[in-house]
Protein chains: 2
Amino acid sequence: MREKLFQYMAAYTNLTEAEQRSIIKALDVREIAKGTYLTRQGYTLDSTICYFILAGCVRQYHIDERGKEITTSFFTEDHVILLANFAKQDQTSKYSLTCMEDCILVVGDMESELDMYQQYSGLETMTRRMMENYYGQTRNELANFISSSPEERYKSITQSRPDLLTRVPQHQLASYLGITPESLSRIKKRMQHTTSI
Amino acid sequence: MREKLFQYMAAYTNLTEAEQRSIIKALDVREIAKGTYLTRQGYTLDSTICYFILAGCVRQYHIDERGKEITTSFFTEDHVILLANFAKQDQTSKYSLTCMEDCILVVGDMESELDMYQQYSGLETMTRRMMENYYGQTRNELANFISSSPEERYKSITQSRPDLLTRVPQHQLASYLGITPESLSRIKKRMQHTTSI
DNA sequence: ATTTCATCTTAACTTAAGTCAATGCCAATC
DNA sequence: GATTGGCATTGACTTAAGTTAAGATGAAAT
């Protein structure tokens, strides 16, 4: 599974293969069981921790003021989660993170990565580029969400992330699209009619 | 105006003041007139360019398939724009960027910044941290947008970015909230009633 | 086999946003 | 001062999403 990291890193780095190998060897790769929580809303968190998803699916959600559960992200293969972004001022977590499947994650500690950046000068460049990319992707995701209606969002996700349709329950997917499960049901029904003509 | 950069950089860097000064001196700071376009939808763009906003407001928008203009970002003070994220495969721009006010921007070229990273070893660390932050902020923005209704979004923006309410026309703000100008009008009217009780 | 539970769907009804058209407002221009 | 154009609001109407409640399905548990 570590092998997957080579392909991924290749796009961002000019580190030598030897360097890549020793970096990857040093990484903390963990298998984490379905149902495990990486953090829970309201719990104090270690904001130096980050995750890179090699395999599996991690759901981000929270319970809002009215007691409703709202899913705001599905992190899957090649996605990165920075717990720093989950922290409120008091260092408790705004969101819960739960593994929807058995996952294989690289667990990173931003503090100890600083040592790695010292050892491998190209590594921080790689990380910077990756972050620039994640930033951009997320801005585009946001732009997409703003510009489209619930129905368009659903169509769009069937294109961009078709795996999600089978990997996660519909009511969580609905929530992630900003609508109720009932609305998603209706949208799918509407689409059956119009696409079969 | 360059002075503002010191304060901002301080939060991300351990560069010496002398280093910071020479970096800032080397930056390309430009005054750009209201109405200027930084890029236009459909035009070929230079995806190595990035902007840091020292003062002013830059609007991101596009014309959708039905010919409607949709505003998807307002970049203001301390925000960063990476044109790389605007590029389609053919290097034309998905979005237009226009200055809503006279702006003062740091105009960066990601290529030539590589030289700077060589000269100042702490600079890339600073950029990496900034990008990690932007990534996180945008993920939270997206989570916020997903979790809230149009009315909640409007309330939320009056808290988080009250300046926007006066800086940009209402119909563009409405679009940015994912609704029509008419709906925004009604939301404001509703709120007058309920808050005055 | 039965129960339990979660999930998805359907229906009836309410609410809010979209649409279309008209009006008022203001600032810029001639 | 009259006119134009852009913007914000309002009203009437349509459409779609939210809400509530009731079934249908299926998988897991007993």
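Just so we're on the same page: letters track the sequence lines, and every chain starts at 1.
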Rounded to whole angstrom units, what separation is found between the CD atom of Gln192(B) and the C1' atom of dT9(D)?
11 Å

Restricting to ring-ring contact (aromatic ring centres under 6.0 Å, His included), what partner residues turn up for [X], sequence neighbours left out?
X: Phe86(B); result: Tyr95(B)
X: Tyr154(A); result: none
X: Phe145(A); result: Phe145(B)
X: Tyr120(A); result: none

Outer limits of DNA chain C sitting under 4.0 Å from a non-hydrogen atom of chain A, read 5' to 3', are dT7(C) to dA12(C)

Show every donor-acceptor pair shorter than 3.5 Å between a side-chain atom in residues 101-110 of chain A and any protein atom, with sequence neighbours excluded, or say none if there are none.
{"from": "Glu101(A)", "atom 1": "OE1", "to": "Arg167(A)", "atom 2": "NH2", "distance (Å)": "3.0"}
{"from": "Glu101(A)", "atom 1": "OE2", "to": "Arg167(A)", "atom 2": "NE", "distance (Å)": "2.7"}
{"from": "Asp102(A)", "atom 1": "OD1", "to": "Lys34(A)", "atom 2": "N", "distance (Å)": "2.8"}
{"from": "Asp109(A)", "atom 1": "OD1", "to": "Thr48(A)", "atom 2": "OG1", "distance (Å)": "2.6"}
{"from": "Asp109(A)", "atom 1": "OD2", "to": "Ser112(A)", "atom 2": "N", "distance (Å)": "3.3"}
{"from": "Asp109(A)", "atom 1": "OD2", "to": "Ser112(A)", "atom 2": "OG", "distance (Å)": "3.4"}

Quick one: does any side-chain atom of Glu77(A) pair with a main-chain N or O of Gly56(A) as donor and acceptor, under 3.5 Å?
yes

Is the closest side-chain donor-acceptor distance between [X] and [Y] under 3.5 Å?
X: Glu124(B); Y: Thr125(A); value: yes
X: Thr127(B); Y: Arg128(A); value: no
X: Gln91(B); Y: Thr44(B); value: no

Nucleotides 6-8 of chain D: which of its N/O atoms have a protein N/O under 3.5 Å away?
{"from": "dA8(D)", "atom 1": "OP1", "to": "Gln170(B)", "atom 2": "N", "distance (Å)": "2.6"}
{"from": "dA8(D)", "atom 1": "OP2", "to": "Gln170(B)", "atom 2": "N", "distance (Å)": "3.4"}
{"from": "dA8(D)", "atom 1": "OP2", "to": "His171(B)", "atom 2": "N", "distance (Å)": "3.0"}
{"from": "dA8(D)", "atom 1": "OP2", "to": "His171(B)", "atom 2": "ND1", "distance (Å)": "2.8"}

If you look only at pairs with a residue in residues 7-26 of chain B, which of them pass as a salt bridge (charged side-chain N to carboxylate O under 4.0 Å, His left out), with sequence neighbours excluded?
Glu17(B)-Arg21(B)

Could you name each residue pair satisfying salt bridge (charged side-chain N to carboxylate O under 4.0 Å, His left out) that touches residues 81-100 of chain B, not counting sequence neighbours?
none

Give the B/S/- string for nucleotides 17-26 of chain D, one per nucleotide from 5' to 3', where a protein heavy atom under 4.0 Å of the base yields B, of only the sugar-phosphate yields S, and otherwise -.
SBBBB-----

Angle between the end axes of the helix from dA1(C)-dT30(D) to dC30(C)-dG1(D), five pairs per end, to the nearest 10 degrees?
30°

Taking only residues two or more places apart in sequence or in another chain, which ones pass side chain to side chain donor-acceptor pair (under 3.5 Å) with Thr36(A)?
none

